[in-house]
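Worksheet: one structure, shown below.
Remember, predicted model here, so these are calculated numbers, not experimental data. We name chains A, B, ... by the order of the sequence lines, and we start the count at 1 in each one.
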Number of protein chains: 2
Amino acid sequence: MRKKTATRSQRAPRRTDSLSRELIIQTAIELLDSRGESALTLRALTVRLSTGYGAIYHHVADKSDLLAAATDDIITRVLSGAGMDTDPRETLRHLALGLFDAIDAHPWVGAELSRQPWRPALLDFYESIARLLDALAIPERSRFDAAGTLMNYVLGVAVQNAANARRLADSDTDRATFLDTAAAQWAQVNPSRYPFVHAAAAQLREHDDREQFLAGVDIFLTGIAALRQSSES
Amino acid sequence: MRKKTATRSQRAPRRTDSLSRELIIQTAIELLDSRGESALTLRALTVRLSTGYGAIYHHVADKSDLLAAATDDIITRVLSGAGMDTDPRETLRHLALGLFDAIDAHPWVGAELSRQPWRPALLDFYESIARLLDALAIPERSRFDAAGTLMNYVLGVAVQNAANARRLADSDTDRATFLDTAAAQWAQVNPSRYPFVHAAAAQLREHDDREQFLAGVDIFLTGIAALRQSSES
DNA sequence: ACCTGAACACCGTTCAAGT
DNA sequence: ACCTGAACACCGTTCAAGT
């Protein structure tokens, strides 16, 4: 009560329109996208929304609920934009790239997915994958493992790529110099003990994460095709 | 200074032998293994080690340095135990399973690897993979992408599996009931909109993560084998 | 050189109190 | 029903001071 009148004049004005869960989630996404994971604090949210802690907790269970909701929002947005191509293989590539790019653009989504890999929003992704594998004539018996493997691969790479993106954002070096120093480290490794790492240093500098990701999808698709043959017993 | 004599009698006795970075790391691993990621606090370390904050910071840069060192320790331990089989494919499977099992046993390693995917300790893993791909006659041109894809897949799955293991450890349900409830959710999904998810529910309940992981490794190995043929131009 | 531990600058979360 | 914001129970990290 003491200095109340003094502090009140300095306090930010409260909002007049009412708060909503949706508004809180969108504000959280803005914060995460613009200033990174560590910028999402309850404090920052109260400031941005001109409100108090309790107001936020009235619409959202806790911070992890908020992070999960924000993640669902991004994923749903990506998947709804994914069209169906005529060629199943091509559609699968586009689908995988869509998730890859989305997580690259919102690295915090990668971190959250690595904490909670099975969000309901990913059901659509799984469904699409299974449908396309069916179109590729993968027998039902193998489909479960194949779909699971592709899910794992796509999410796994995206998550790791996001970790790199976050580290790049934290430091002040750009991707080129980052790869240069990494490649330099690989090149300095003892060539007799690590011949292959040593030899790969040059390719590390030149490689494109997105292309390598796609190369992996293609390896998977080739491997999958063999499941079709071997099942014709 | 006030209640100093009063509190001193209740204070835990200080250690007499000297602290070391190694001892701190091992204690951190014990804490992480027995009580999970959230149990590793500087406070808990001072108690377990009968020392003060400054003593720990004298041997370790900060908490993330400590977590990284603990992770390196586990990974190095796993890789040093991996033997070389006569069949390269079999060796590759063992290698992948070794990392999978290690991260399953120490889920916090998975979380840390998803934050810092390129720890030096993983160089050995990469080297082994590349060497085995060479033994499988994968042409040099394709080896970089193939090795990267395999690394990504193995780490990706292990990390996600670790996330599940952590969530299971946090809650009080066991794996069987967890899968049952997940499968029940999948089964309740709208069958006309999600026919494949709906159909996969039964397999979800019965599947074994470790076996599905191996099935994925085989898919990739099959796909990689095809790189050998297509390069004979 | 190695260690101590109070103090600092943060967190997420709660809850009596207001409208 | 919806919101306020002081207070609580934690964090990791620092640093003057000790041996």
Above 12 or not: heavy atoms from other molecules or residues under 6.0 Å from CZ of B/R21?
->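 Check passes, neighbour count above 12.
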Would you indicate what B/L49 reaches in the nucleic acid, counting non-hydrogen atoms under 4.0 angstrom: base, sugar-phosphate, or nothing?
->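 Result for B/L49 = nothing.
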When all nucleic acid strands are considered with a 4.0 Å heavy-atom cut-off, which category describes B/I56: base, sugar-phosphate, or nothing?
->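 No contact at all - B/I56 keeps every heavy atom at 4.0 Å or more from the nucleic acid.
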State, without any angle test, whether A/E30 and A/Q26 hold a side-chain donor-acceptor pair at a distance under 3.5 Å.
->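 Per modelled atom types, A/E30 and A/Q26 side chains form no pair under 3.5 Å.
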Any chance the side chains of B/D174 and B/T177 put a donor and an acceptor closer than 3.5 Å?
->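 Yes, because at least one side-chain N or O of B/D174 sits under 3.5 Å from a partner of the opposite role on B/T177.
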Does a nitrogen or oxygen in the side chain of A/H59 sit under 4.0 Å from OP1 or OP2 of D/dA1?
->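 Answer no for this pair, as no side-chain N or O of A/H59 is under 4.0 Å from OP1 or OP2.
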B/Y57 side chain N/O closer than 4.0 Å to the phosphate oxygens (OP1, OP2) of D/dT13?
->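 Result: yes.
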Check every atom of [options] against the side chain of [X] and return the nucleotide holding the closest atom.
| X | options | value |
| --- | --- | --- |
| A/T51 | D/dG12, C/dT4, D/dT4 | D/dT4 |
| B/A55 | C/dC3, D/dG12, D/dT4 | C/dC3 |
| B/H58 | C/dA1, C/dC11, D/dG12 | C/dA1 |
| A/D62 | C/dT13, C/dC3, C/dA6 | C/dT13 |

Measure from [atom1] on [X] to [atom2] on [N] and round the result to the nearest Å.
| X | N | atom1 | atom2 | value |
| --- | --- | --- | --- | --- |
| B/L42 | C/dC3 | CG | C1' | 15 Å |
| A/L23 | D/dC3 | CG | P | 10 Å |
| B/D65 | D/dT13 | CG | C1' | 14 Å |
| A/L45 | C/dC10 | CG | C1' | 16 Å |
| B/L66 | D/dC11 | CG | P | 15 Å |

Could B/R193 and A/D124 be called an ion pair, given the rule that one side-chain N must be under 4.0 Å from one carboxylate O?
->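 Looking at A/D124 together with B/R193, the answer is yes, because their closest N to O distance falls below 4.0 Å.
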Pick from A/F100, A/F213, A/F220: which one makes a ring pair (Phe, Tyr, Trp, His ring centres under 6.0 Å) with A/Y153?
->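 Among A/F100, A/F213, A/F220, the one that satisfies the ring pair (Phe, Tyr, Trp, His ring centres under 6.0 Å) with A/Y153 is A/F213.
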Under a 3.5 Å limit for both distances, which nucleotide forms a Watson-Crick or G-U wobble pair with D/dG5, could you say?
->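 Per the H-bond distance test, C/dC15.
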Between A/L19 and B/R43, who's closer to the 5' end of DNA chain D by nearest nucleotide?
->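 Here A/L19 is the residue nearer the 5' end.
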5' priority, DNA chain C, between A/S38 and A/Y53 [closest heavy atom] |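 This one resolves to A/S38.
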What distance, rounded to whole Å, do you find between the two C1' atoms, one in D/dC10 and one in C/dA9?
->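 D/dC10 and C/dA9 have their C1' atoms separated by 13 Å.
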